[in-house]
Amino acid sequence: QSALTQPASVSGSPGQSITISCTGTSNDVGSDKFVSWYQQHPGKAPKLMIYDVRNRPSGVSDRFSGSKSGNTASLTISGLQAEDEADYYCSSYTSYTTLVIFGGGTKLTVL
Amino acid sequence: EVQLVESGGGLVQPGGSLRLSCAASGFTFRSYEMNWVRQAPGKGLEWISYISSSGAAIYYADSVRGRFTISRDNAKNSLYLQMNSLRAEDTALYYCARTAAGGLDYWGQGTLVTVSS
């Protein structure tokens, strides 16, 4: 089973909005399965940013939002800030014998 | 404060074994599902195993099934990963992570496993 597909990199200027896509199949992202997003700064553990497609944990800025259409989930970051520069990973539960799969990760650069 | 602290990593020869531990505190451990996730140097995240709150349900990634065993001791607030028949490609930082609402809401800082002769 392949990882979910994410762009390797995205970039944006401070104050702009960016969207990171996460494409799977009808057995994971496209089904009624949990989709979540994680932020990881260098040398740090991942941090949950979005769960169950569009929900933000307490303490996560409302500049982060999630959505899904068909087999593709998306993370949008509005009002980009320097501290948003990090790697971002999507994840989904799956109908396969494994339970969870991650995307390959997207490096966000704030110009 | 929720804390997850992994231990047990180290250098091991190919074919060898290691047992990782994750000590949990700051929450009711027995009520939560838990996972192991790893990250090879310079690479992305790879989910490798899940265990339900009671331990009755267990899942593995194809890459480790048959070699790794996840377990937990709710009386000791601890999660474990027994890793056998280790390969060079198992070299990674291993994280334990708590499940909540389908997401992994708390992560430890990881323990490094290096498989090399």
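Numbered from 1 within each chain, the chains take letters A, B, ... in sequence-line order. Excluded from the calculations below are hydrogen atoms, water molecules and symmetry mates; all remaining heavy atoms, backbone and side chain alike, are included.
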- chain A contacts: which residues in residues 108-117 of chain B have a non-hydrogen atom closer than 4.5 Å to it?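 The stretch touches chain A at B:Gly108, B:Gln109.
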Option in [options] with maximal non-hydrogen atom pairs under 4.5 Å from chain B:
options	value
A:Asp52, A:Ile50, A:Leu48, A:Val35	A:Leu48
A:Ala45, A:Gly105, A:Ser36	A:Ala45
A:Pro57, A:Gly43, A:Pro46	A:Pro46

- For the side chain of B:Arg65 and the backbone of B:Tyr60, is there at least one donor-acceptor N/O pair under 3.5 Å apart?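 Yes: the side chain of B:Arg65 pairs with the backbone of B:Tyr60.
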- Is B:Ser52 reaching over with its side chain to a backbone N or O of B:Ala56, donor-acceptor style, under 3.5 angstrom?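 Flag set: sc B:Ser52 to bb B:Ala56 pair under 3.5 Å.
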- Apply side-chain contact (heavy atoms from CB on, under 4.5 Å) to the pair A:Thr23 and A:Val29, showing each step before the final yes or no. CA-CA 7 Å; A:Thr23 302; A:Val29 175; over 6 Å; no
- Message: Which residues in residues 64-85 of chain A have any heavy atom closer than 4.5 Å to a heavy atom of chain B?
- Response: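 Hits under 4.5 Å: none found.
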- Task: Answer with yes or no whether the hydrophobic clustering places B:Leu93 together with B:Trp47; edges join I, L, V, M, F, W, Y residues whose side-chain heavy atoms lie under 4.5 Å apart.
- Result: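 The answer is yes; both residues are in one hydrophobic cluster.
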- Query: Under a single-linkage definition using a 4.5 Å side-chain heavy-atom cutoff for Ile, Leu, Val, Met, Phe, Trp and Tyr, are B:Phe27 and A:Tyr51 assigned to the same hydrophobic cluster?
  - Reply: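 In one cluster with B:Phe27: A:Tyr51, no.
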Do [X] and [Y] have side chains that get closer than 4.5 Å, going by heavy atoms?
X	Y	result
B:Ile51	B:Glu33	no
A:Gln39	A:Leu108	no
B:Met83	B:Val12	no

- Name the region of B:Gln39, side chain, backbone, both or neither, that has any atom closer than 4.5 Å to a heavy atom of chain A.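 Only the side chain of B:Gln39 comes within 4.5 Å of chain A.
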- Item | Residue B:Thr99 versus chain A: region with a heavy atom under 4.5 Å |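 Contact with chain A is through the side chain of B:Thr99 alone.
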- Query: Tell me, which pairs form a salt bridge (Lys or Arg N to Asp or Glu O under 4.0 Å) where one or both residues lie in residues 67-77 of chain B, sequence neighbours left out?
  - Reply: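 Residue pairs with at least one partner in residues 67-77 of chain B: B:Arg67-B:Asp90.
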- Task: If a pair satisfies salt bridge (Lys or Arg N to Asp or Glu O under 4.0 Å) and one of its residues is in residues 94-117 of chain B, list it, with sequence neighbours excluded.
- Result: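 Checked against salt bridge (Lys or Arg N to Asp or Glu O under 4.0 Å) - neighbours excluded - the pairs reaching residues 94-117 of chain B are B:Arg98-B:Asp105.
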- Would you tell me whether A:Tyr89 and A:Ser91 have side-chain atoms, one donor and one acceptor, within less than 3.5 Å of each other?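 No, no side-chain donor-acceptor contact under 3.5 Å.
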- B:Phe68, B:Tyr32, B:Trp36, B:Tyr59 screened by ring pair (Phe, Tyr, Trp, His ring centres under 6.0 Å) with B:Tyr50, the one that passes: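 Testing each of B:Phe68, B:Tyr32, B:Trp36, B:Tyr59 against B:Tyr50, the sole residue satisfying ring pair (Phe, Tyr, Trp, His ring centres under 6.0 Å) is B:Tyr59.
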